[in-house]
Amino acid sequence: MSKFTDQNYLKTGQYKDSSNLNARMELHQRFSTNQYGWMNWVFDHLLKLPANAKILELGSGTGYLWKENATRIPSTWDVTLSDLSAGMLDSAWRNLVVTGRAYNFKEIDAQEIPFADETFNAVIANHMLYHVPDRARAIGEIRRVLKTGGHLFATTVGENHLKEITNWFQEINKSKVWDSFANLFTLENGLDQLKSFFPNVQVLRYEDSLHVTELEPLVAYFRSGVRAGELSEDEFAKLQNELGNELKEKGKIFIAKDSGLFEAIK
């Protein structure tokens, strides 16, 4: 089984706590060219929900969607944050307890959602469906717990997202096949997967890119990834040296981004 969908590895390794995710988020927060902000853009789509909405987020990670939009959340929403990892839920609780707003927190495997049929007005799956071993089962579960007319907001990336990072890995270790981590559920192939369960699906893209002007956050990003363990320290040193030279020569390193959101209605 690939590490990208190995639930034991994801719980006890990659996402045992928030450190790896934080390293990747920092790169986007500091060097993204779209100043509006990904979390703001995603939250904009939630504002169509009713005042008394019941919402479930699957794979909520550090809870940043809610932390960064704390002043915009209707007080009458009932929000449950869930994750496969207890460590990530702890990080989310720590980030949100200071906001003074009540949330529900629950460990959940998206393949077996422990709620009754037609419970929620919305389910959010923010950059996580590509980690689910049986996506069809998970999407079926999401549809089951949504009320009639309820919304699924599923974000993911396109095939060319961070393509320069993939290319750098490939150049350093030519013996490996460096496919994108998200190939199982992308903006290109996710539509067909969702349409098997939801007749009404649309896809929206968020325009952005990275202009990186510091080496250390970029190296930290590389070290935080699922595939970082496949590079030796000598290979990491070579990668760091090459990126450092490019940064000195150009002043900044351009990295393509291609992220977006599927909105599906039951």
Cation over ring face, Arg101 and Tyr103, 6.0 Å, 45° |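 Ring-cation test returns yes.
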Quick check: [Y] with [X] (ring centres under 6.0 Å apart)?
X: Tyr206; Y: Trp38; result: yes
X: Phe198; Y: Phe262; result: no
X: Phe236; Y: Phe222; result: no

Show the numbers, then the answer: is there a side chain to side chain contact (heavy atoms under 4.5 Å, CB included) between Asp134 and Thr5?
-> CA-CA 9 Å; Asp134 189 340; Thr5 56; over 6 Å; no
For the residue pair [X] and [Y], what are the closest heavy atoms and their distance?
X: Leu58; Y: Ile108; answer: CD2-CG2, 4.0 Å
X: Ala264; Y: Val201; answer: CB-CG2, 3.9 Å
X: Ser209; Y: Phe254; answer: CB-CE1, 3.6 Å
X: Leu96; Y: Leu81; answer: CD1-CD2, 3.4 Å

Neighbour count >12 (heavy atoms, 6.0 Å) for atom [atom1], [X]:
X: Lys16; atom1: NZ; result: no
X: Glu216; atom1: CD; result: no
X: Glu235; atom1: CD; result: yes
X: Arg72; atom1: CZ; result: yes

Side chain proximity check, [X] to [Y], heavy atoms < 4.5 angstrom:
X: Met128; Y: Ser60; value: no
X: Asn104; Y: Val79; value: no
X: Thr119; Y: Ile113; value: no
X: Met25; Y: Thr62; value: yes
X: Asp109; Y: Gln7; value: yes
X: Ser18; Y: Arg94; value: no
X: Val123; Y: Val145; value: yes
X: Val212; Y: Leu247; value: no

Does one side chain, of [X] or [Y], offer a donor that lies under 3.5 Å from an acceptor on the other?
X: Lys257; Y: Ser32; answer: yes
X: Lys48; Y: His151; answer: no
X: Tyr36; Y: Asp44; answer: yes

Might you work through the side chain to side chain donor-acceptor pair (under 3.5 Å) test for His127 and Thr155, ending with a clear yes or no?
-> CA-CA 5 Å; His127 279 49; Thr155 72; 2.7 Å; yes
Quick one: does any side-chain atom of [X] pair with a main-chain N or O of [Y] as donor and acceptor, under 3.5 Å?
X: Asp258; Y: Val157; answer: no
X: Asn241; Y: Ala237; answer: no
X: Thr12; Y: Asn8; answer: yes
X: Asp78; Y: Ala53; answer: no
X: Lys266; Y: Arg143; answer: yes
X: Asn121; Y: Lys54; answer: yes
X: Arg135; Y: Val132; answer: yes
X: Thr186; Y: Asn183; answer: no
X: Asn69; Y: Met39; answer: yes
X: Glu164; Y: Ile255; answer: no

Salt bridge check, [Y] against [X]: does any charged N sit closer than 4.0 Å to a carboxylate O?
X: Glu118; Y: Arg144; value: no
X: Lys238; Y: Asp234; value: no
X: Arg205; Y: Glu188; value: yes

Look at the side-chain heavy atoms of Ile, Leu, Val, Met, Phe, Trp and Tyr, link any pair under 4.5 Å apart, and say whether [X] and [Y] land in one connected group.
X: Ile265; Y: Leu47; answer: no
X: Leu65; Y: Trp93; answer: yes
X: Val97; Y: Tyr64; answer: yes
X: Leu84; Y: Ile124; answer: no

Take Phe105 and Thr80, measure what side chain to side chain contact (heavy atoms under 4.5 Å, CB included) needs, and give me the verdict at the end.
-> CA-CA 6 Å; Phe105 296 90; Thr80 298; over 6 Å; no
Spacing of [atom1] belonging to [X] relative to [atom2] belonging to [Y], to within rounding of 0.5 Å:
X: Ile253; Y: Leu215; atom1: CD1; atom2: CG; result: 7.0 Å
X: Glu57; Y: Phe153; atom1: CD; atom2: CZ; result: 12.0 Å
X: Gln14; Y: Ser224; atom1: CD; atom2: OG; result: 6.5 Å
X: Thr99; Y: Lys67; atom1: OG1; atom2: NZ; result: 9.5 Å
X: Ser82; Y: Leu56; atom1: OG; atom2: CG; result: 4.5 Å
X: Phe185; Y: Leu129; atom1: CZ; atom2: CG; result: 5.0 Å

Go through the steps for Asp17 and Met88 under the test side chain to side chain contact (heavy atoms under 4.5 Å, CB included), then give the verdict.
-> CA-CA 5 Å; Asp17 57 37; Met88 295 303 287; 5.7 Å; no
For the side-chain contact (heavy atoms from CB on, under 4.5 Å) test, which of Lys106, Glu141, Glu107 pairs with Pro114?
->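 Between Pro114 and the candidates, side-chain contact (heavy atoms from CB on, under 4.5 Å) is satisfied uniquely by Lys106.
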Please step through side chain to side chain contact (heavy atoms under 4.5 Å, CB included) for the pair Leu49 and Ile55, ending with a clear verdict.
-> CA-CA 9 Å; Leu49 297 174; Ile55 301 168; 3.8 Å; yes
What is the ring orientation for Trp77 with Phe43, classed by angle as parallel under 30°, tilted 30 to 60°, or perpendicular over 60°?
->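 If you compare the ring of Trp77 with that of Phe43, the planes turn out tilted.
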Could you give me the CA-CA distance, side-chain angles and deciding distance for Gln193 and Asn189, then say whether side chain to side chain donor-acceptor pair (under 3.5 Å) is met?
-> CA-CA 7 Å; Gln193 297 181 54; Asn189 65 33; 3.2 Å; yes
